[in-house]
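For reference, the structure discussed in these notes is given below.
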Amino acid sequence: MHDETATGRGRTALITGASGGIGYELARLCAEDGYDVVLVARDEAALARAAETFAAGREGAARVIAADLARPDAPREVAEALAADGVAVDVLVNNAGIGIYGPFAASDLAAQLDLLRLNVVALTELTRRFLPGMLARRSGRIFNVASTAALLPGPLMATYYASKAYVLSFSEALAEETRRTGVTVTALCPGPTRTAFHSTPAMRDSRMLRFRLAMDAAPVALAGYRGMQRGERVVVPGRANWLMAEAVRLAPRALLTRAVHVAQRRAH
């Protein structure tokens with residue numbers, strides 16, 4: 001256990017996209033700290049396996065809600081299911097997200113809209129549904145998984161990069177709105193991370209993971225979790241990613257956009 005004081009004992013953490021990758025690791029950290037965890041994702045079997053692992057030998061309970069958060073009614077249904085059981089969410093981890101690689105004009109429109117519903121709309125709705133209760137209790141944490149992609153435009157992944165820019169901006173704004181309320185808002189901005197995110201058909205041609213400095217999900221999640229517990233507004237895990245984020249602030253925007261375009265092109 002990374003925190004022997006079991007800071008989450010008697011509290012509940014809801015984690016979306018918890019069936020694998022960064023979401024799974026964040027859920028594991030919450031469970032190790034004694035939180036009751038609510039695991040949300042589409043893959044019910046994977047969630048059930050995770051819940052069994054997290055509950056074994058620990059005080060906290062693990063609950064599974066299988067839901068496709070890109071479906072317009074899903075965030076409301078998740079919130080209503082917990083409210084019906086009297087469950088108050090103390091930590092909301094908005095991790096679920098998808099990416100699409102390729103020229104925007106040639107992409108599938110329905111898939112692009114699903115990306116926005118999941119990466120942007122579901123995250124926004126879940127935050128709006130659970131934040132008022134946290135404010136009323138004067139205690140709570142919102143943890144949104146953005147990306148270093150939030151810092152610059154992303155040709156060939158235009159909607160993904162734009163969605164993460166929204167997540168970062170939204171998180172920073174809410175962090176200021178909730179200052180001195182007992183509620184904190186943190187955005188995690190990882191760089192390329194080795195997860196199943198990159199093995200989907202929509203992402204198979206992307207070159208994101210060809211960079212040697214790609215990180216594993218566990219250290220990314222740990223850096224973000226520790227930052228959340230400290231109340232940090234933005235966490236950029238890994239020194240190389242931090243240096244890149246600092247460099248982006250100084251480079252000309254057009255040059256950055258061209259550089260991303262070149263980096264994203266697949267080899268012919």
Side-chain angles (χ1 to χ4, degrees), residues 12-27 30 36-51 62-85 87-100 108-134 140-147 149-150 157 159-168 170-171 174 185-188 190 193 195-203 217 221 224:
T12 298
L14 186 156
I15 305 97
T16 70
S19 57
I22 295 172
Y24 176 93
E25 296 296 337
L26 288 167
C30 289
D36 293 340
V37 292
V38 179
L39 312 177
V40 181
R42 291 180 299 178
D43 189 338
E44 186 170 9
L47 288 178
R49 290 192 295 271
R63 173 172 178 166
V64 166
I65 300 179
D68 179 1
L69 292 173
R71 191 169 54 81
D73 291 336
R76 173 182 56 79
E77 291 169 355
V78 169
E80 289 179 350
L82 295 177
D85 290 340
V87 176
V89 171
D90 301 288
V91 174
L92 171 62
V93 178
N94 285 307
N95 165 76
I98 54 175
I100 297 173
D108 179 79
L109 177 57
Q112 295 285 3
L113 294 177
D114 279 347
L115 181 153
L116 294 174
R117 291 187 188 101
L118 179 59
N119 294 15
V120 173
V121 177
L123 175 147
T124 304
E125 181 172 350
L126 287 172
T127 300
R128 175 59 182 80
R129 289 186 178 278
F130 292 115
L131 179 57
M134 295 180 186
R141 301 188 188 278
I142 304 288
F143 184 88
N144 294 329
V145 178
S147 169
M157 291 186 67
T159 47
Y160 175 78
Y161 276 59
S163 73
K164 293 304 182 179
Y166 172 90
V167 172
L168 178 58
F170 177 66
S171 301
L174 289 189
V185 182
T186 300
L188 174 64
T193 306
T195 70
F197 173 88
H198 302 281
S199 63
T200 62
M203 287 292 295

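Positions are given from 1, in the same order as the sequence printed here.
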Practice task
Calculate, to the nearest 0.5 Å, the distance between atoms OG1 and CZ belonging to Thr12 and Phe130 respectively.
Solution key: 10.0 Å
Fill in the blank from the handout: Distance col, row Glu80:CD vs Asp73:CG, nearest 0.5 angstrom, shows 9.0 Å
Handout entry: Val145 backbone acceptor or donor facing Lys164 side chain under 3.5 Å
Key = yes
Exercise for the section: Nearest 0.5 Å please: distance from the CG atom of Leu116 over to the CG atom of Leu123. Expected result: 12.5 Å
Practice task
Compare every heavy atom of Val185 with every heavy atom of Asn144, then report the nearest pair and how far apart it is.
Solution key: ND2-CG1, 4.4 Å
Handout entry: Side-chain touch Gln112/Ile100, heavy atoms, less than 4.5 angstrom
Key = yes
Handout entry: Pairwise distance CG(Leu47) to CD1(Ile65) - rounded to 0.5 angstrom
Key = 9.5 Å
Practice task
Could you walk me through whether Tyr161 and Ser147 pass side-chain contact (heavy atoms from CB on, under 4.5 Å), step by step?
Solution key: CA-CA 8 Å; Tyr161 276 59; Ser147 169; over 6 Å; no
Handout entry: Option from Thr124, Val40, Thr127 for which side-chain contact (heavy atoms from CB on, under 4.5 Å) with Asn94 holds
Key = Thr127
Problem - pair Leu113-Leu115: side-chain heavy atoms closer than 4.5 Å - result: no
Handout entry: Heavy-atom closest pair, residues Phe143 and Gly224
Key = CE1-O, 3.1 Å
Practice task
Report the distance from atom CG of Asp68 to atom CZ of Arg42, rounding to the nearest 0.5 Å.
Solution key: 5.5 Å
Problem - Within-4.5 Å side-chain heavy-atom neighbours: Arg117 and Leu69 - result: no
Practice task
Could you pull out the closest heavy-atom pair between Glu125 and Pro72, with the gap in Å?
Solution key: OE1-O, 4.2 Å
Handout entry: Residue pair Glu77, Arg71: steps toward the salt bridge (Lys or Arg N to Asp or Glu O under 4.0 Å) verdict
Key = CA-CA 10 Å; Glu77 291 169 355; Arg71 191 169 54 81; 2.6 Å; yes
Handout entry: Spacing of Asn95 atom CG and Ser19 atom OG [to the nearest 0.5 Å]
Key = 9.0 Å
Handout entry: Option from Val37, Leu14, Val38 for which side-chain contact (heavy atoms from CB on, under 4.5 Å) with Cys30 holds
Key = Val37
Handout entry: Least distance between heavy atoms, Leu39 atom then Ala27 atom
Key = CD2-CB, 3.7 Å
Handout entry: Residue Arg76 excluded, over 12 heavy atoms near CZ under 6.0 Å
Key = yes
Completion exercise
Taking every heavy atom of Ala79 against every heavy atom of Arg129, the minimum-distance pair comes out as CB-CD, 3.6 Å
Practice task
Answer whether the closest heavy-atom distance between the side chains of Asn119 and Ile98 falls below 4.5 Å.
Solution key: yes
Problem - Shortest non-hydrogen separation from Gly140 to Met134 and the atoms involved - result: CA-SD, 3.9 Å
